[in-house]
Amino acid sequence: MTNYEKPEVIRIAELSEGVYMASGSVVEGGTQIDEQTPVCRSRYLMGVWHRPNRGFTEQGPALEKYGCEGCSADDGDGCKIAKGKAEDLNRNGDFRPTWERNGHEPGDMVW
């Protein structure tokens with residue numbers, strides 16, 4: 001999976017299933033991202049690091065309470081991707097916070 005291969009699209013009238021073609025994702029400026037380049041995969045945080053706020057013991061919104069905790073790029077004091085420390089990352093990591101991987105939204109109340 002190190003080489004990008006342009007997908008072929010075939011239309012079959014009897015099928016109603018969609019196909020996602022994200023393997024050739026493009027970022028701002030039209031630069032192609034290869035699969036070796038780590039990027040924030042959070043659909044809510046979009047590359048902006050959030051510090052967890054575990055100081056309060058009551059329920060709180062997932063984003064406030066947990067921030068980027070659990071993301072493969074979180075180093076406890078920022079985002080390794082944003083800091084340009086891509087060489088320190090596990091390329092197979094999941095670059096989303098744990099609460100998002102568990103199906104929560106930023107405003108969901110969590111403990």
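All values reported here derive from a predicted model rather than from experimental measurement.
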**Study point:** Residue pair Glu69 / His50, side-chain heavy-atom distance below 4.5 Å
**Key:** no

Practice item. Before accepting this row, confirm whether a basic side-chain N of the pair Arg51/Asp77 lies closer than 4.0 Å to the acidic partner's carboxylate O. Key: yes

Check your understanding: Do Arg96 and Leu45 have side-chain heavy atoms sitting under 4.5 Å apart?
Key -> no

Check your understanding: Nearest 0.5 Å, what's the CG-SG distance between Leu89 and Cys71?
Key -> 8.5 Å

Practice item. State, yes or no, whether a side-chain contact exists between His104 and Val110 at a heavy-atom distance under 4.5 Å. Key: yes

Practice item. Looking only at non-hydrogen atoms, find the nearest pair between Phe95 and Val39 and report the distance. Key: CB-O, 3.4 Å

Check your understanding: With distance as the sole test, does Trp99 use its side chain to make a donor-acceptor pair with the main-chain N or O of Cys68 at under 3.5 Å?
Key -> no

Review point. Can you check side-chain hydrogen bond (donor to acceptor under 3.5 Å, both in side chains) on Asp74 and Trp49, steps first, answer last?
Key: CA-CA 8 Å; Asp74 180 25; Trp49 184 77; 2.9 Å; yes

Point to revise | Lys/Arg N to Asp/Glu carboxylate O, Asp94 vs Arg41, below 4.0 Å | key: no

Practice item. Sequence neighbours left out, what passes side chain to side chain donor-acceptor pair (under 3.5 Å) with Glu105? Give chain and number order. Key: none

Review point. Tell me, do Met109 and Pro61 make a side-chain contact under 4.5 Å, heavy atoms counted?
Key: yes

Point to revise | Exam field: side chain Lys85 to backbone Asp75, donor-acceptor pair closer than 3.5 Å | key: no

Exercise for review: Report the distance from atom CD of Gln59 to atom CG of Asp108, rounding to the nearest 0.5 Å.
Suggested key: 10.5 Å

